[in-house]
There are 2 protein chains.
Amino acid sequence: MTATLPVVCAALGDPTRWEILTRLGEGPKSASTLARMLPVSRQAIGKHLEVLREVGLIESEQRGREVVYLAVGARLGALARELDRIGRSWETRLLRLKELAERPGPAAPEASE
Amino acid sequence: MTATLPVVCAALGDPTRWEILTRLGEGPKSASTLARMLPVSRQAIGKHLEVLREVGLIESEQRGREVVYLAVGARLGALARELDRIGRSWETRLLRLKELAERPGPAAPEASE
DNA sequence: CGCAACTGCAACCGTCAGGTTGCAGTTACG
DNA sequence: CGTAACTGCAACCTGACGGTTGCAGTTGCG
């Protein structure tokens, strides 16, 4: 479940998958139920659910004869924190470079390599 | 630049693109420079840069005869906040459903549709 | 001034992801 | 107890994506 960043982002990179996540965000649902509300086949839904489950964005739970899936908000929160951290690091580095550029140093501070 | 959520996530869904972003996070660089540090052609880099620029994750800047690109941390931060918000909403809804299930109501509260 | 280096555009290619249909197996509802 | 509904697996198709090469056009460094 320690899915690498690009992988979980890729999972979130498909519109249909977001459709599914949105519906699941409203409450637990089975693959068949989802297939009934979306314009794709049950099998396609199944593949998407598998992808989402692999990166920890949803969990499955046997309920009676059907398998219901639920959205895991915590997983999305974790991703959000990770992205935020990275974004901040970019900003601070950018700022440091700008400071170097302002301050008249010995040579021209070139950062292209 | 109001790139929809799945689109910007898709942009972040490619490993090579993360390579590029990481390098750009260290400081502004040109396409050729990036191509020299990564195991792909300059043209491939160019396509990736275009994708990243379209979703606002990087910006371009003419510097001398070359075009340098810089990572936009704010964009990533915005995405992070959006994801966090959604994740929280999932959790609260889940909680409400659980409450309903605990409380002995008139009928069995079924949320599969 | 001339050459080297960077950019932009276009054509082309292989792979894989998203989708479909079809079928077989289980399991709860009536 | 029978049948309807849900699941799982497999084969197959197609388009888009990540990658390549090739070429033409600028622009600045020595």
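These numbers were taken from a predicted model, which means no experiment stands behind them. Order of the sequence lines fixes the chain letters, A, B, ..., with proteins taken first and strands second; residue numbering starts at 1 for each chain.
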Regarding the side chain of B:V40, the nearest nucleotide among D:dT20, C:dG18, C:dG8 is D:dT20

message: Counting only side-chain heavy atoms from C-beta out, which of C:dT7, D:dG19, C:dG19 sits nearest to B:V67?
response: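 For the B:V67 side chain, the nearest candidate turns out to be C:dT7.
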
Does [N] have OP1 or OP2 under 4.0 Å away from a side-chain N or O of [X]?
| X | N | result |
| --- | --- | --- |
| A:S30 | D:dC6 | no |
| B:S41 | D:dT20 | yes |
| B:R42 | C:dC9 | no |
| B:R36 | C:dA5 | no |
| A:T16 | C:dG18 | no |

For nucleotides 26-30 of chain C, print each protein N/O atom paired with a nucleotide N/O atom at under 3.5 Å, atom names and distance only.
none

With heavy-atom distances below 4.5 Å as the criterion, would you say the side chains of [X] and [Y] are in contact?
| X | Y | answer |
| --- | --- | --- |
| A:L79 | A:L57 | no |
| B:L21 | B:L12 | yes |
| A:V68 | A:T33 | no |

Separation of [N] [atom2] from [X] [atom1] (nearest whole Å):
| X | N | atom1 | atom2 | answer |
| --- | --- | --- | --- | --- |
| B:Q62 | C:dA5 | CD | P | 19 Å |
| B:E50 | D:dC17 | CD | P | 13 Å |
| A:L34 | C:dG18 | CG | C1' | 16 Å |
| A:L49 | C:dG18 | CG | P | 13 Å |
| A:H48 | C:dT20 | NE2 | C1' | 12 Å |
| B:I45 | C:dT7 | CD1 | P | 11 Å |

List for me each residue that meets side chain to side chain contact (heavy atoms under 4.5 Å, CB included) alongside [X], sequence neighbours excluded, and say none if there are none.
| X | value |
| --- | --- |
| A:V72 | A:E59, A:A74, A:R75 |
| B:E82 | B:L5, B:R85 |
| B:S60 | B:R53, B:V67, B:Y69 |
| B:A80 | A:A80, A:L83, A:D84 |

Please enumerate all protein N or O atoms sitting under 3.5 Å from an N or O of nucleotides 10-17 of chain C, with distances to 0.1 Å.
none

Can you give me the closest heavy-atom contact between [X] and [Y], atom names plus distance?
| X | Y | result |
| --- | --- | --- |
| A:G27 | B:L97 | CA-CD1, 3.7 Å |
| A:A35 | A:S41 | CB-C, 4.3 Å |
| A:G25 | B:W90 | CA-CD1, 3.5 Å |
| B:E61 | B:L70 | OE1-CD2, 3.9 Å |

(Q) Going by salt bridge (Lys or Arg N to Asp or Glu O under 4.0 Å), name the pairs with one or both residues in residues 10-19 of chain A, residues two or more places apart or in two chains. (A)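 Qualifying pairs, neighbours excluded: A:E19-A:R23.
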
Students should find that the end-to-end axis angle of the helix from C:dC1-D:dG30 to C:dG30-D:dC1, with five pairs defining each axis and rounding to 10 degrees, is 30°

| query | Of A:P39 and B:S32, whose nearest nucleotide on DNA chain C comes first from the 5' end? | reply |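 The residue closer to the strand's 5' end, by nearest nucleotide, is B:S32.
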
For A:A10 and B:Y69, take the nucleotide of DNA chain C holding the closest heavy atom to each; which residue's nucleotide lies nearer the 5' end?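 Upstream on the strand: B:Y69.
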
Starting at CD of B:Q43, measure out to CD1 of B:I45 and round the result to the nearest 0.5 Å.
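CD1 of B:I45 is found 10.0 Å from CD of B:Q43.
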
**Prompt:** Is it true that A:L76 and A:L49 fall in one hydrophobic cluster, defined by side-chain heavy atoms closer than 4.5 Å?
**Reply:** yes

query: Any chain of hydrophobic side-chain contacts (each under 4.5 Å) joining B:I86 to B:V7?
result: yes

Atom pairs under 3.5 Å, N or O on each side, protein against nucleotides 1-3 of chain C: can you list them with distances?
none

